[in-house]
There are 2 protein chains.
Amino acid sequence: MDLAILLDKTLNLPLHQQLYEQLRQAILTGRLFPGEKIPSTRVLAQSLGIARGTVKLGYEQLLNEGYLETATGSGTFVCQQISDRTLPILPAWPRCLETSITAGLSKYAQNFKQQLLLSNPSKLDIDFCYWQPAFSHFPLHIWRQLTTRQLQSTDLLDYSSDLLGYKLLREAIARYLGRSRAVSCNAEQIIIVNGTQQALDLIARLFIDLGDRVVMEDPGYSSARRVFQSRGAKILPISVDASGLIVEQLPSTLTPAIKLVYTTPSHQFPTGAILSLPRRLQLLAWAQQTGVVIVEDDYDSEYRYGEKPIPAMQGLDLNNSVIYIGTFSKVLFPTLRIGYLVLPVGLVKIFAQAKRLIDRQSPLLEQCVLADFINERHLERHLRRMRTLYNHRRQILTNSLKSRLGENAIVLGDAAGIHLMVQLQTNLSDEEIITRAAKMGVGLTSAASFYLESNRKGQFLMGYANLETEIDEGVCRLAQILDV
Amino acid sequence: MDLAILLDKTLNLPLHQQLYEQLRQAILTGRLFPGEKIPSTRVLAQSLGIARGTVKLGYEQLLNEGYLETATGSGTFVCQQISDRTLPILPAWPRCLETSITAGLSKYAQNFKQQLLLSNPSKLDIDFCYWQPAFSHFPLHIWRQLTTRQLQSTDLLDYSSDLLGYKLLREAIARYLGRSRAVSCNAEQIIIVNGTQQALDLIARLFIDLGDRVVMEDPGYSSARRVFQSRGAKILPISVDASGLIVEQLPSTLTPAIKLVYTTPSHQFPTGAILSLPRRLQLLAWAQQTGVVIVEDDYDSEYRYGEKPIPAMQGLDLNNSVIYIGTFSKVLFPTLRIGYLVLPVGLVKIFAQAKRLIDRQSPLLEQCVLADFINERHLERHLRRMRTLYNHRRQILTNSLKSRLGENAIVLGDAAGIHLMVQLQTNLSDEEIITRAAKMGVGLTSAASFYLESNRKGQFLMGYANLETEIDEGVCRLAQILDV
């Protein structure tokens with residue numbers, strides 16, 4: 001073990017005394033933890049370039065005073081008991097510096113002034129969480145096998161010179177998107193990123209300047225909105241109906257500049273509406289006229305129940321006006337942190353260089369494992385299974401809502417995705433419902449925060465993918481809250 | 001397998017004809033790849049909600065025309081032969097849109113106008129690459145064991161509510177830094193990021209506005225410089241001597257605002273000088289006076305040979321004016337993409353929220369594995385081995401330079417890190433040397449691009465960590481090039 005100790009031979013304080021002082025400080029300030037093993041006198045003497053006897057003197061004093069203890073045979077340790085007496089002392093942040101630093105922060109940092117809670121949300125026993133896939137059904141054993149196989153070789157340790165991401169993965173994704181989403185691209189148009197969030201951040205950086213406008217669905221995906229706003233964009237909200245974004249409402253005037261239209265056509269977030277084909281073609285026509293770029297966030301496209309597939313806009317587009325975003329967070333698992341961008345050819349190099357400057361490249365191991373997972377057909381097998389499972393779970397939820405809440409609950413949106421949106425007939429405020437539900441151990445999400453203009457109440461997101469037997473019980477408790 | 005096909009019952013083109021046309025298009029445009037298996041008539045009919053007979057009709061025509069082929073028992077496939085005739089057709093980027101898009105790009109995007117080559121650099125048989133650790137000595141089997149163990153449980157699949165990164169890893173890093181680098185922090189001051197590059201990007205975003213000044217060592221780490229410049233910062237270069245950054249040369253006037261001082265004290269990049277203790281204290285004093293934040297990039301601190309350890313500035317600092325950056329890219333391997341920031345308490349929440357908005361969180365699996373790797377003492381055991389190995393390899397290189405180049409090669413910098421900088425006495429230009437070396441299969445890096453003001457020639461970075469037997473041969477070829 002290393003031990004950073006600083007001795008100054010020019011001082012007239014003897015070296016063993018300096019050593020004693022510094023170790024004592026390290027222990028008291030918590031730099032050295034109770035029970036921590038410290039180097040042998042020989043090793044430390046060597047690494048500090050001093051006589052072993054000097055180190056011995058220092059250690060002995062610390063042993064005598066109970067800062068250190070020895071276990072015969074196994075060496076010298078920081079005393080356990082100390083833990084009770086002293087905890088690590090945190091350097092307090094002096095007022096003056098607090099301000100001076102805050103003054104030093106950039107305009108971008110102002111986005112984070114209203115500080116979020118960093119602590120964990122309380123665990124609920126029935127959480128209708130809208131982003132969770134069925135974790136227990138993920139083929140972890142296969143993933144483990146593929147990972148172990150990849151970790152046989154040291155090839156994946158060095159930087160890849162491939163700025164777009166692991167080539168075999170990009171090729172696998174291109175084929176997968178081609179057949180399942182009618183996306184027309186090749187591997188050289190795909191850039192691997194750390195999930196949808198980084199895809200949005202890259203787009204925002206490369207397109208948005210202060211004051212630019214971004215068209216968003218209202219209600220819409222708030223994490224995307226925050227990214228655009230953090231770059232100084234003005235959000236232009238367009239309403240959503242049962243067929244998704246109401247394209248007729250798009251403005252004809254383009255000043256100030258409209259840079260992007262952000263849309264979630266496969267499963268509009270949060271309403272769950274699927275953007276109809278006519279609307280898709282209409283939107284593409286508008287984009288062609290105006291030259292505005294469409295950001296197609298195709299999340300949840302993998303899950304439709306009964307609905308016929310509608311091809312991605314990217315594939316319907318003939319003018320390279322679509323940037324397509326996909327992610328494996330819901331299809332596989334969120335902490336994988338792998339998503340991708342499908343870009344018009346002319347934008348690939350710029351995006352690749354920006355990604356490189358931002359964090360060089362995404363971790364390689366997962367990319368290799370994922371490529372195998374797709375190429376060996378595990379992905380589509382898993383998707384087929386989950387489609388059946390989620391459809392089943394969705395039906396449990398809708399039936400349960402019908403039987404227990406009747407007219408008081410109207411399910412909105414199409415049969416797709418891994419959550420639904422429900423309109424509750426109640427006089428209670430959304431906050432009241434959330435609080436009462438939490439008290440009963442039930443979690444659901446109000447849609448209010450996703451609205452920009454109209455302030456709808458009583459609309460809630462309910463995820464069902466990671467629940468089954470608990471679903472009816474959860475709805476039952478909800479019914480009690482609403483005293484139906 | 002999914003297949004996105006769009007049928008329109010309102011058209012008077014029969015459905016089987018529409019199906020035929022779309023599959024044919026998909027095959028010709030490369031959306032469906034040669035040899036790709038396509039769904040059975042039953043499955044497709046079901047997913048499209050049409051009669052199986054209709055699908056059969058469409059398939060038969062494609063079989064007759066040789067677009068599809070059947071393998072008895074195993075199903076229907078896209079014909080292999082097609083591959084020769086047609087390759088995927090890339091949507092060409094219409095001129096008009098090219099311009100309109102480029103017009104749509106942000107000021108930030110202008111950083112990427114001079115487009116880098118995305119292709120791989122040619123492989124050299126003796127590459128004195130300055131960032132590569134000894135890949136073949138990485139304990140891959142242990143890493144594999146720990147990974148397999150972590151992949152036993154589905155716990156690591158869901159988002160962590162911990163915005164700072166995996167808690168056990170942060171605690172392990174805090175302890176490791178405490179004992180080995182005299183860094184004084186606890187786990188709540190550490191944020192896990194995707195390597196040094198993302199750490200720098202976060203710092204630049206949160207501190208730099210257009211026109212702000214950043215002090216950098218000259219020569220200095222160009223990847224850091226590019227990040228600061230991409231945010232519109234003016235770089236203020238300060239020279240480096242044998243004791244590192246010449247602190248006396250720091251400006252006393254702070255207008256326009258100096259936001260950051262970026263330094264690499266443990267192994268100045270690229271010169272290899274270790275910032276002396278007096279200089280460290282001097283720099284901290286300056287920071288205290290001015291309130292400017294010091295960014296301590298402590299890369300390569302793990303590797304000193306013979307030198308006594310000098311504690312990190314973060315631990316010497318009493319005024320929370322230091323942001324400390326560490327990475328595992330050189331200690332373990334680059335594609336791990338795990339680095340960390342040690343922050344003054346007052347900055348933690350802002351950085352955590354920014355990281356969350358940028359890409360939510362770093363992948364969890366590696367964080368869990370790394371925590372085990374550190375806590376089970378593998379990290380320090382590995383470091384001890386590598387220190388011996390690299391010291392040995394460094395000596396091979398220095399001896400070989402002495403014996404083969406004599407006075408024509410002067411080794412600069414201290415005995416630390418995994419590369420050294422050498423001053424070659426020659427009339428050849430750096431480019432000429434690089435080109436000639438490459439012809440002989442030898443790779444080395446000119447230091448010229450790391451200089452901002454003075455245009456030094458004949459200085460080269462030579463990495464030795466990932467080489468051993470080849471080292472002398474490489475230097476021998478170098479001698480021939482310089483005709484010594």
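As the structure is a computational prediction, the values presented were derived from the model and not from experiment. Numbered from 1 within each chain, the chains take letters A, B, ... in sequence-line order.
In this structure, chain A has a heavy atom under 4.5 Å from the side chain of B:Leu277, while its backbone stays farther away. Within the 4.5 angstrom heavy-atom criterion, only side-chain atoms of A:Gln132, from C-beta onward, approach chain B. Residue A:Ser329 touches chain B through its side chain alone, counting heavy-atom pairs closer than 4.5 Å. Contact of A:Arg231 with chain B is made through the side chain alone, with heavy-atom distances under 4.5 Å. For a residue to count as touching a neighbouring chain, one of its non-hydrogen atoms must lie under 4.5 Å from one of that chain's; by this rule B:Ile208 touches chain A with the backbone only. Both the backbone and the side chain of A:Lys107 come within contact range of chain B, each with at least one heavy atom under 4.5 Å from a heavy atom of that chain. Residue A:Val292 does not touch chain B at all, counting heavy-atom pairs closer than 4.5 Å. The contact between A:Leu206 and chain B is made by backbone and side chain atoms together, counting heavy-atom distances below 4.5 Å. The parts of A:Gln152 that come within reach of chain B are both its backbone and its side chain, each placing non-hydrogen atoms under 4.5 angstrom from that chain.
Here the closest heavy-atom approach between residue A:Leu151 and residue B:Leu140 is recorded as O-CD2, 3.0 Å. A:Leu332 and A:Pro133 make their closest contact through O-CG, 3.8 Å (heavy atoms, listed as atom of the first residue, atom of the second, distance). Contact detail for B:Pro344 and B:Gln189: the closest heavy-atom pair is CA-NE2, 4.4 Å.
Between chain B and the residues A:Gln361, A:Lys259, A:Arg175, the largest count of heavy-atom pairs under 4.5 Å involves A:Arg175. When B:Asp155, B:Asp201, B:Leu157 are compared by the number of non-hydrogen pairs under 4.5 Å with chain A, B:Leu157 comes out ahead. Most heavy-atom pairs under 4.5 Å with chain A, from the set B:Val193, B:Leu364, B:Leu383: that is B:Leu364. The candidate with the highest count of non-hydrogen atom pairs below 4.5 Å against chain B, out of A:Trp131, A:Tyr176, A:Phe138, is A:Trp131. Top candidate by heavy-atom pairs under 4.5 Å with chain A, chosen from B:Gln367, B:Glu366, B:Arg181, is B:Glu366. Annotation: maximal heavy-atom pairing with chain B below 4.5 Å, among A:Ala257, A:Pro363, A:Ala109, occurs at A:Pro363. Ranking A:Arg205, A:Gln198, A:Arg360, A:Arg144 against chain B, the residue ahead of the rest is A:Arg205, based on heavy-atom pairs under 4.5 Å. Interface remark: of the candidates B:Ala26, B:Pro311, B:Ser362, B:Ala312, B:Pro311 forms the most heavy-atom pairs closer than 4.5 Å to chain A. With respect to chain B, the highest number of heavy-atom pairs below 4.5 Å among A:Thr154, A:Leu336, A:Asn466, A:Thr148 belongs to A:Thr148.
Checked for salt-bridge contact, B:Glu380 and A:Lys37 miss the test: no charged N lies under 4.0 Å from a carboxylate O.
In this structure, B:Phe135 and A:Ser153 have side chains that are not in contact, with every pair of non-hydrogen atoms separated by 4.5 Å or more.
Using cut-offs of 30° and 60° for the angle between ring planes, the A:Phe351 and A:Phe207 rings count as tilted.
Taking CG of B:Leu200 as the reference point, atom CG of A:Asp359 lies at 11.5 Å (rounded to 0.5 Å). A distance of 6.5 Å separates CG of A:Asp158 from SG of B:Cys129, quoted to the nearest 0.5 Å.
Side chain of B:Ser106 to backbone of A:Asp209: no donor-acceptor contact under 3.5 angstrom is found.
Not a single salt bridge (charged side-chain N to carboxylate O under 4.0 Å, His left out) links B:Arg337 to another residue, sequence neighbours left out. For B:Arg149, the salt bridge (charged side-chain N to carboxylate O under 4.0 Å, His left out) partners two or more places apart in sequence, or in a different chain, are B:Asp372, B:Glu376.
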